[in-house]
Amino acid sequence: MTNSIRSPFVSHSKEFSLIHKYFNLPAIQRSNSPYTNLGIGDDCALLEIPNDTLIAISTDTLVEHRHFLVNTDPADIAYKAFMVSISDLAAMGATPRWVSLALTLPRLDDLWLNRFSLQLFKLLDAYDMQLIGGDTTKGPLAITLTVQGTLPKDTALKRSNAKDGDAIFLSGTIGNSALGLKMITDVLNDEINIHHVEQDLVSQRNLILDTFLPIHHIDIAKPQSEHVTASNLNKNHTNDLGWMINWLKGSYLYPKAQVELGLAIREIANSAIDISDGLASDLNHICASSGLSANVILDSLPISQTFKSVYEKRNINHTKEELFSLALSGGDDYQLCFTVDNGLKDDIVILGKQLNIPLTCIGNMKKSNVAEVCYFHDGDKYELILSGFDHFSS
Ligand SMILES: Nc1ncnc2c1ncn2[C@@H]1O[C@H](COP(=O)(O)OP(=O)(O)O)[C@@H](O)[C@H]1O
Ligand SMILES: Cc1ncc(C[n+]2csc(CCOP(=O)(O)OP(=O)(O)O)c2C)c(N)n1
Ligand SMILES: [Mg+2]
């Protein structure tokens, strides 16, 4: 009796067999998380949260055409969806724990699902996270991840807590990803050996993923920035235009969430945000939330040599404003921008060396009647009207 009721639902539904085949892997065994009471399979997942622990929750959607190009490798879509989502946890100083996946697919494509889910589980394992649920629907390709992390009470890196005089720091370099996207769709590619470049790109991804494993402890030893790996490689390739373009493409396709940095600064920094829409726009969120303005020294901005070389080659008669504009408002960087008491600047520089993550002071927060980002060049205010990525701007 039980069997005859159950079987039509279990074995005849393509939707449920898809979930079972690709996503309902033995989640509990995949992690030693003490907090997951119940994973995939019921109406809700159940989580157990210890006293004095807060849950950080964030949702991000990636849509074809808008966040990634048509025909993007499903493994790369999974990679990017995962990284941009946990980047918000990094910006809050939270330890990543759980993921829920809402997947909208135009059709049931086993090859697509296989590549997507393999990559997702590779990353979940690398970060010791669990897929605890989701939803699967038919429609235009879109991926929504809700990520959850934990952090001790009173340690969250809020946008609203920057203080007058705080030093503003930025991890890594900015602009690479925005220029990388231009390179992917650019005619400049015609000038170089595409095959050689694509080969390199695959090795670059494998190299980045290799550095992720194995990760034994959840609160320490998180993967290093790809910029560290890539800048090491960069030394051997500084004159190789193909390699440089490839490195920029890699920055667009394979950003690396700064989880380790977020954990390291959560007891020291006053505020933080991750750079998704571009520094100009995201630092402005800290200004607006904290009721302060940000004075940014343009010449201190960490912009990679690779960005400058390729940008100059691509835009021969460019102005300084145009170069800064792409670096500051192109977005897709997923670096952390954070503010700390000015007296702690040296400690942050030491921390950056310990973590092997470039950390650059780009200016200071200041009391002001208008909460805005102001740019300075050679000691003078420099007029730059910049906005970040805006889904509804056109
Ligand atoms: N449709 C929505 N309903 C409720 N809250 C939303 C919605 N879209 C965005 N938010 C909230 O607005 C804030 C800013 O969103 P967003 O710019 O997407 O943040 P982030 O760059 O960190 O992903 C966040 O707190 C987010 O949760
Ligand atoms: C094909 C393609 N075109 C353009 C972009 C650039 N882009 C799309 S969304 C975005 C900003 C980040 O996305 P959003 O949905 O605003 O993320 P959030 O700020 O919510 O984290 C950028 C820079 C891209 N990533 N891919
Ligand atoms: Mg968002």
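Quick caveat, the model's predicted, so the values are computed rather than measured. Computation of the quantities below employed the complete heavy-atom set of this structure, encompassing side-chain atoms and omitting hydrogens, waters and symmetry-equivalent molecules. Whatever order the structure lists ligands and atoms in, that order sets their numbers, starting from 1.
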List the atom pairs, donor and acceptor, that lie under 3.5 Å between side-chain atoms in residues 358-367 and the rest of the protein, sequence neighbours left out.
residue : atom : partner : partner atom : Å
N364    : ND2  : G165    : O            : 3.1
N364    : ND2  : D166    : O            : 3.3
N364    : ND2  : N342    : OD1          : 3.1

Determine whether the side chain, the backbone, both or neither of D60 has a heavy atom under 4.0 Å from any heavy atom of ligand 2.
side chain
Go through ligand 1 atom by atom and flag the ones less than 4.0 Å from a non-hydrogen atom of S276.
21 (O)
What do you reckon, does D88 have a nitrogen or oxygen under 3.5 Å from a nitrogen or oxygen of ligand 1?
yes
Test ring pair (Phe, Tyr, Trp, His ring centres under 6.0 Å) applied to Y22 - qualifying residues, sequence neighbours left out
none
Go through the steps to decide whether D60 and K80 satisfy the test salt bridge (charged side-chain N to carboxylate O under 4.0 Å, His left out), and finish with yes or no.
CA-CA 11 Å; D60 272 305; K80 188 130 180 196; over 6 Å; no
Proximity flag V84 to ligand 2, non-hydrogen atoms under 4.0 Å
no
Look at the side chain of D109 and the backbone N and O of W112, then say whether any donor-acceptor pair between them is shorter than 3.5 Å.
yes
Going through the distances and angles, do N176 and D333 end up as a side-chain contact (heavy atoms from CB on, under 4.5 Å)?
CA-CA 7 Å; N176 308 316; D333 299 300; 5.8 Å; no
Which segment of F68 sits under 4.0 Å of ligand 2 when only heavy atoms are counted
backbone
Heteroatom proximity flag, R159 to ligand 1, N/O under 3.5 Å:
yes
Would D88 count as being in polar contact with ligand 2, using the rule that some N or O on each side must be under 3.5 angstrom apart?
no
For a quick check under 3.5 Å, do S251 and S177 share a side-chain donor-acceptor pair by atom type?
no
Ligand 1-proximal atoms of H285, by part, heavy-atom distance under 4.0 Å:
neither
Contacting atoms of ligand 2, where contact means under 4.0 angstrom from a heavy atom of L69
1 (C)
Aromatic ring proximity, centroids under 6.0 angstrom, F82 and Y127
yes
Is M92 in contact with ligand 1, taking contact as a heavy-atom separation below 4.0 Å?
no
Quick one: which of D332, I275, D274 has a heavy atom closest to atom 25 (N) of ligand 2?
D332
Quick check: R66 and ligand 2, any N/O pair under 3.5 Å apart?
yes
Under 4.0 Å from a heavy atom of H65: which atoms of ligand 2 are those, numbered in the order shown and with their elements?
1 (C)
Connected via hydrophobic side-chain network under 4.5 Å: F121 and L18
yes
Show the atoms of ligand 2 that are less than 4.0 angstrom away from any heavy atom in Y334.
12 (C)
In ligand 2, the atoms that come under 4.0 Å of a heavy atom of G330 are 23 (C)
Any side-chain donor paired with an acceptor under 3.5 Å for S171 and Q258?
no
Would you please say whether a donor-acceptor pair under 3.5 Å links the side chains of T95 and T150?
no
Please work out whether any backbone atom (N, CA, C, O) or any side-chain heavy atom from C-beta onward of D60 is under 4.0 Å from ligand 1, and answer side chain, backbone, both or neither.
side chain
